[in-house]
Amino acid sequence: MPETEKDTKTEPRPWEYSLYIPNDPRAVTVSRRTLRLILTIHGLIGLVDVAELLASELVSNAVRHTEGPAALRVRWSAGVLRIGAWDADPRPPEPPRELGQLIEPESEDGRGLGMVVACADLWGWQPLSRFGNRGKYVWCELATGVSTCA
């Protein structure tokens, strides 16, 4: 294989984006559309739908359940996409419920982390401080293989 052909087959370099958002329900739409643009530009079209769903859930929780600012962070490294949301509430997130165990099927609450668990390859949370504000960072990961929700 010629040297120039070999160079084009290398693993893409890692990258990361952060979007700081106000405590406003419209921030969910802004975050979702920004994520779609980032993934499209980086050629990760196959992850867009699931990644948008996961980011929407994480950012929605950050905006709905806290009163302070929030941030969306998107990182790509070694074939793994990590999506995370920081918020100003240091308390751990509520434990995720299985999607089939919702008390009221028409309820708009209680699905968020259950969907993250069902769709992501891995998820977690950790306490985190940003700019002197205590809070938490809830994240999930998608591998580039198959991205489907269970």
Side-chain angles (χ1 to χ4, degrees), residues 11-150:
E11 177 70 27
R13 294 174 60 180
W15 48 259
E16 182 176 312
Y17 294 84
S18 294
L19 176 65
Y20 299 95
I21 54 178
N23 190 288
D24 184 326
R26 294 172 289 193
V28 177
T29 301
V30 171
S31 297
R32 192 173 53 243
R33 289 183 179 167
T34 301
L35 176 63
R36 176 175 283 273
L37 178 62
I38 291 167
L39 296 179
T40 300
I41 287 171
H42 285 283
L44 297 171
I45 301 294
L47 295 177
V48 168
D49 292 337
V50 174
E52 275 187 321
L53 172 70
L54 298 175
S56 294
E57 295 301 334
L58 296 177
V59 171
S60 178
N61 284 347
V63 170
R64 289 179 87 193
H65 300 296
T66 67
E67 295 181 12
L72 172 69
R73 185 168 141 195
V74 183
R75 184 180 77 193
W76 170 262
S77 181
V80 175
L81 180 69
R82 178 176 275 203
I83 303 164
W86 172 84
D87 66 52
D89 184 354
R91 293 176 296 173
E94 292 290 322
R97 295 186 217 163
E98 289 186 34
L99 294 180
Q101 293 183 346
L102 296 175
I103 297 169
E104 299 176 35
E106 295 180 18
S107 172
E108 292 186 21
D109 293 332
R111 290 181 179 83
L113 282 181
M115 290 178 81
V116 171
V117 170
C119 296
D121 296 312
L122 189 63
W123 83 278
W125 79 277
Q126 63 200 51
L128 185 68
S129 295
R130 292 187 79 84
F131 308 116
N133 297 317
R134 291 180 49 219
K136 68 179 165 296
Y137 180 65
V138 183
W139 55 269
C140 63
E141 292 183 347
L142 292 172
T144 55
V146 179
S147 61
T148 59
C149 286

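Computed from a prediction, not measured in an experiment: that's the story for all the values here.
When all heavy atoms are compared, the tightest approach of V116 to C140 is CG1-CB, 3.8 Å. The nearest pair of heavy atoms linking P25 to V63 is N-CG1, 3.8 Å. The nearest pair of heavy atoms linking W125 to P92 is CZ2-CB, 3.3 Å. Taking every heavy atom of both residues into account, N23 and A62 meet most closely at ND2-O, 4.3 Å. Between D89 and H65, the closest heavy-atom pair is OD2-O, 4.0 Å.
A search for salt bridge (charged side-chain N to carboxylate O under 4.0 Å, His left out) contacts involving E16 returns R73, not counting sequence neighbours. Residues passing the side chain to side chain contact (heavy atoms under 4.5 Å, CB included) test with D24, sequence neighbours excluded: P22, R26. Every side chain to side chain contact (heavy atoms under 4.5 Å, CB included) that V30 has, sequence neighbours left out, goes to L19, T34. Every residue meeting the side chain to side chain contact (heavy atoms under 4.5 Å, CB included) condition with P69, not counting sequence neighbours, appears here in chain and number order: W86, A88. Checked against side chain to side chain contact (heavy atoms under 4.5 Å, CB included), V28 has the following partners two or more places apart in sequence or in another chain: R32, S56, V59, S60.
The aromatic rings of W15 and H42 sit parallel to each other, their planes meeting at less than 30°, with 60° as the upper class boundary.
In this structure, the separation between CG on L47 and CH2 on W76 is 6.5 Å, given to the nearest 0.5 Å. For the atom pair OH of Y137 and CG of L58, the computed distance is 9.0 Å after rounding to the nearest 0.5 Å. Note that the OG1 atom of T40 and the CD1 atom of I45 stand 3.5 Å from one another [nearest 0.5 Å]. In this structure, CG in L53 is found 9.5 Å from CG in L142, a value given to the nearest 0.5 Å.
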**Study point:** Steps toward side chain to side chain contact (heavy atoms under 4.5 Å, CB included) verdict (V138, L113)
**Key:** CA-CA 10 Å; V138 183; L113 282 181; 4.1 Å; yes
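Looking only at distances, no side-chain donor or acceptor of D87 sits under 3.5 Å from a matching main-chain atom of A70.
Between E141 and the options I83, L54, V80, a side chain to side chain contact (heavy atoms under 4.5 Å, CB included) holds for only V80.
Note on residues 37-50: pairs passing salt bridge (Lys or Arg N to Asp or Glu O under 4.0 Å), not counting sequence neighbours, are R36-D49.
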